[in-house]
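Data first, discussion second: the structure below is written as structure tokens.
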Amino acid sequence: MPAVQLLRAFKRMLNRNTSAYWDGVYRRKIAAGRAPRRDSAVLRLLPLLHDKRCILDFGGGLGAVIATLSQEVSSRRFCLVDHSPEALAYASGRLGRSDERGNAFEYAAHLEEAQGPFDAILCIEVLEHLTDHREILDQLWSRLAPGGILLLSVPVKGWRDGNREHVNKFTVDSMFRLLSKYGEWIQIAPRTYSRKSATLSTAFFAVPKGDDGAPPQGATEDA
């Protein structure tokens, strides 16, 4: 077996990010009253979503991202995908199937169950938990409609990231290399900085898809 495949198999063996594990995490958060209510950083994405009618939140957990966005927009279709039944139950109970702004909400345990294509796909602090993150990115890109946009957020601490739940260690450079497969036009915007070192801790990345389904021509890197 090639070394790359051996490394991936080893990562899968050590990966604690199962649905049962996250069920326990979310159950404890809910019981302790620590379920997230609003993600203010996500509001910075609104200019990129102003014309996006159908939005997928992959790995959306307890629904904080969709709950935040849905308070600012109307007549949108949101789909939350997460492998945790506990998260889906909480999010569906919190958001329901529709709201007074005309937004509709759907929930799925697997990406294959989500009815696409989507005008925007969000993957906020998820890739670092996935051993098959490259395959997942391919699947997400294939579900993105022409003219759509892929929005991601990951820790960019590299090997300084000591979180045991994170099976992948990303940097800004490694994310650009990973996402360059999908388009030359990649935007980056900082999200959070380390309180101790003031270095970039987590970053957003945006990759638009051309109107013809091909990557747009040109490139931009907004640091």
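Below, each value reflects all heavy atoms present in this structure, side chains not excepted, and no hydrogens, waters or symmetry copies.
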State whether a side-chain donor-acceptor pair under 3.5 Å links S19 with S84. no
For a quick check under 3.5 Å, do D138 and Y182 share a side-chain donor-acceptor pair by atom type? yes
Considering non-hydrogen atoms only, spot the tightest contact between [X] and [Y] and give its length.
X: Y90; Y: A35; result: OH-CB, 3.4 Å
X: V73; Y: R76; result: CG2-CG, 3.5 Å
X: R77; Y: C54; result: NH1-SG, 2.7 Å
X: A206; Y: I149; result: CB-CD1, 4.0 Å
X: E128; Y: S153; result: OE1-O, 4.2 Å
X: G63; Y: L95; result: O-CD1, 4.4 Å

Under 6.0 Å between ring centres: does that hold for F58 and H83? no
Does a salt bridge link R44 with D39, judged by any charged N lying under 4.0 Å from a carboxylate O? no
Using a strict 4.0 Å threshold on nitrogen-to-oxygen distance, state whether E125 and R191 make a salt bridge. yes
Name all residues meeting the salt bridge (Lys or Arg N to Asp or Glu O under 4.0 Å) criterion together with R27; count only those two or more places apart in sequence or in a different chain, and write none if there are none. E86
About how many Å separate CZ of R34 and CG of L62, when rounded to the nearest 0.5 Å? 10.5 Å
